Amino acid sequence: MPTPIMRSLSEAILLGMGRLHLYLRYKGEEEARQALQRKYEGQYRNAGLVLLFDILMALAVVVAVAILAGMLYLVTS
């Protein structure tokens with residue numbers, strides 16, 4: 001069971017990631033605010049979760065390709 005401090009820390013990290021992601025991806029503040037409302041239900045936390053999930057999926061693909069390449073190398077050599 002997460003403590004309130006851990007929960008608030010993870011919330012703060014997700015909020016920061018979501019806010020940074022939106023303002024870097026959408027150049028204007030108004031565009032970022034519109035995307036926040038349209039795609040992420042008005043919560044920076046949701047944007048942070050989507051970004052975190054995207055990063056984890058990209059890492060999973062890289063690991064899967066590396067394992068496949070390693071297996072292929074071992075089989076063919």
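These figures come from a predicted structure and were not determined experimentally.
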Atom [atom1] of [X] and atom [atom2] of [Y]: how far apart are they, to the nearest 0.5 Å?
| X | Y | atom1 | atom2 | value |
| --- | --- | --- | --- | --- |
| Glu11 | Leu15 | CD | CG | 6.0 Å |
| Gln43 | Gln37 | CD | CD | 9.5 Å |
| Leu36 | Arg38 | CG | CZ | 10.0 Å |
| Tyr23 | Arg33 | OH | CZ | 5.5 Å |
| Arg19 | Leu51 | CZ | CG | 14.5 Å |

Find out if a path of hydrophobic residues (ILVMFWY) with successive side-chain heavy-atom gaps under 4.5 Å connects [X] to [Y].
| X | Y | answer |
| --- | --- | --- |
| Leu59 | Leu52 | yes |
| Val65 | Tyr73 | no |
| Met71 | Val63 | yes |
| Ile55 | Leu20 | no |
| Leu56 | Leu14 | yes |

Heavy-atom pair with the smallest gap, counting every atom of Tyr40 and Leu22: CE1-CD2, 3.6 Å
Val50 and Asp54, any side-chain heavy atoms less than 4.5 Å apart: yes
Does CD belonging to Glu41 count more than 12 external heavy atoms closer than 6.0 Å? no
